[in-house]
Amino acid sequence: MADISLQNTAQFGVHGVQEKRDWPCLTLDEVCAVLAHFANMPPARDVVWHSMRPFSAACVVQLAEEVSADANAGGQGARATSCVLKRHARALRSAAMLEQEHAFIRHLASKGLPVWPALALHDGHTALELGNWTYEVFLPAKGEDTYRDVMSWKPYFSTAQAHAAGAALAQLHKAAADYTAPERSAYVAGKTASVVPLVSSMCVVGQVDFTTALQKWVARQPGLVAALTNRPWQQDVARDVLPFHDHLRPLLPGIKPAWGHGDWHPSNLFWHANTPVTVLDFGMADRTCAAFDVAVAIERAMVDWLALPSCSATAQKAPDLVVWDQLAAFVAGYQHIRPLSAAERAQVVAFLPLVHVEFALSETAYFGTLLQDEASAEVAYTEYLLGHAQWFAQAQEGQELLARLPTLLAGQA
């Protein structure tokens with residue numbers, strides 16, 4: 001029987017570890033019912049670990065007997081006595097939305113990338129909807145979960161790991177270059193598709209008319225409209241975000257659209273020593289461009305945002321948030337595999353203060369409307385959406401990062 005104490009596992013929140021979980025842990029009974037829908041899956045014996053990551057519930061399941069991955073899961077004959085099961089609220093991820101991620105993962109696997117394909121149901125699909133939930137199942141990933149207890153937005157453990165992570169992202173971008181699926185929230189056959197929440201998208205920042213694009217994008221999301229109702233969001237964004245888009249706008253015609261990972265940081269990689277051996281968690285992946293995805297990777301792991309004081313005036317003076325040696329190593333690792341063009345280097349710099357914008361707004365809706373957690377919604381809006389932009393505009397180190405990054409990207413540091 002599963003350890004009952006596991007049902008009280010904490011999770012990562014907006015300011016660190018918190019006792020309250022947004023989504024309940026998976027139970028053994030639930031796991032057994034779900035796994036019965038998956039092909040060639042033996043019964044579950046126990047639930048042995050629960051993830052602390054937010055936005056979904058995930059667990060490691062001990063199986064009653066060994067299971068092998070079939071070819072359509074990309075397992076290449078892998079065998080295991082356990083699996084990983086993830087449960088999402090259908091309001092966040094429908095089966096169709098998850099299968100957008102799974103299709104991209106399969107493409108990368110076909111190119112030889114060390115990714116983590118989802119297992120198939122009896123009908124060949126790779127995501128299951130039951131009631132208000134959507135489920136996906138994976139065999140254990142190759143490598144060590146070295147960063148299991150580390151939050152996002154924290155640096156790598158070493159410059160060697162940062163260098164290797166840069167090289168791995170470059171390999172992913174080379175493999176993704178010919179993947180032609182449309183962006184996840186695209187209009188389909190003249191109909192308005194639902195906006196996929198909580199992804200790293202450039203549906204707004206990638207448009208020449210940022211203000212009009214933002215207004216239309218917000219209007220497509222009732223939950224976001226509700227979350228922004230009592231906030232002067234258009235004035236706030238015009239003040240703190242729009243000036244950065246003015247720098248990006250002239251560069252937009254030179255962008256080459258391509259899918260990216262969307263959430264490249266050390267805890268989304270499994271490791272062997274200093275080498276990433278599996279790429280995980282494509283939940284924020286979308287069709288953006290390589291420069292956007294590099295900027296996401298820098299924003300996620302090269303600035304220690306969790307050390308940024310919440311007070312705006314203090315935050316402007318906060319020193320030593322940028323991990324300069326790791327940034328140089330990451331960029332060097334990337335450029336060694338896939339050199340950025342001059343146009344892409346300029347795009348990375350221009351995207352850096354903007355890559356968080358759509359995700360931060362989506363988080364505001366997630367916390368404020370779906371979870372009814374107004375305190376966390378306030379953090380997402382004030383400290384994330386606006387605070388990060390203000391740091392780039394007003395803090396000495398934020399300005400220094402934007403000023404030094406072109407030289408680092410050009411390999412002249």
task: Would you sort out whether H388 and W305 count as a ring-ring contact (aromatic ring centres under 6.0 Å, His included), showing the intermediate values?
output: CA-CA 8 Å; H388 286 203; W305 295 108; 3.6 Å; yes

- request: Before giving the answer on ring-ring contact (aromatic ring centres under 6.0 Å, His included), spell out for H173 and Y334 the whole-Å C-alpha distance, their side-chain angles and the decisive distance to 0.1 Å.
  value: CA-CA 10 Å; H173 287 168; Y334 186 96; 5.6 Å; yes

task: Describe, in one word, how the ring planes of F157 and Y147 are oriented to each other, choosing from parallel (under 30°), tilted (30 to 60°) and perpendicular (over 60°).
output: parallel

field: Under the salt bridge (charged side-chain N to carboxylate O under 4.0 Å, His left out) test, residues paired with E144 that sit two or more places apart
entry: none

query: Are a donor atom and an acceptor atom from the side chains of Q215 and Q234 found within less than 3.5 Å of each other?
result: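 There is such a pair between these side chains.
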
message: Just by distance, no angles: are the side chains of D178 and H107 close enough, under 3.5 Å, to form a donor-acceptor pair?
response: yes

query: Any side-chain heavy atom of L119 sitting closer than 4.5 Å to one from F138?
result: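 L119 does not reach F138 side chain to side chain.
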
- request: Using ring pair (Phe, Tyr, Trp, His ring centres under 6.0 Å) as the criterion, list what pairs up with W217, not counting sequence neighbours.
  value: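 In terms of ring pair (Phe, Tyr, Trp, His ring centres under 6.0 Å), with neighbours along the sequence ignored, W217 is linked to no residue.
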
Decide, yes or no, whether a salt bridge links [X] with [Y] under the criterion of side-chain N to carboxylate O below 4.0 Å.
| X | Y | result |
| --- | --- | --- |
| E30 | R87 | yes |
| R231 | E374 | yes |
| K154 | D304 | yes |
| R184 | E101 | yes |

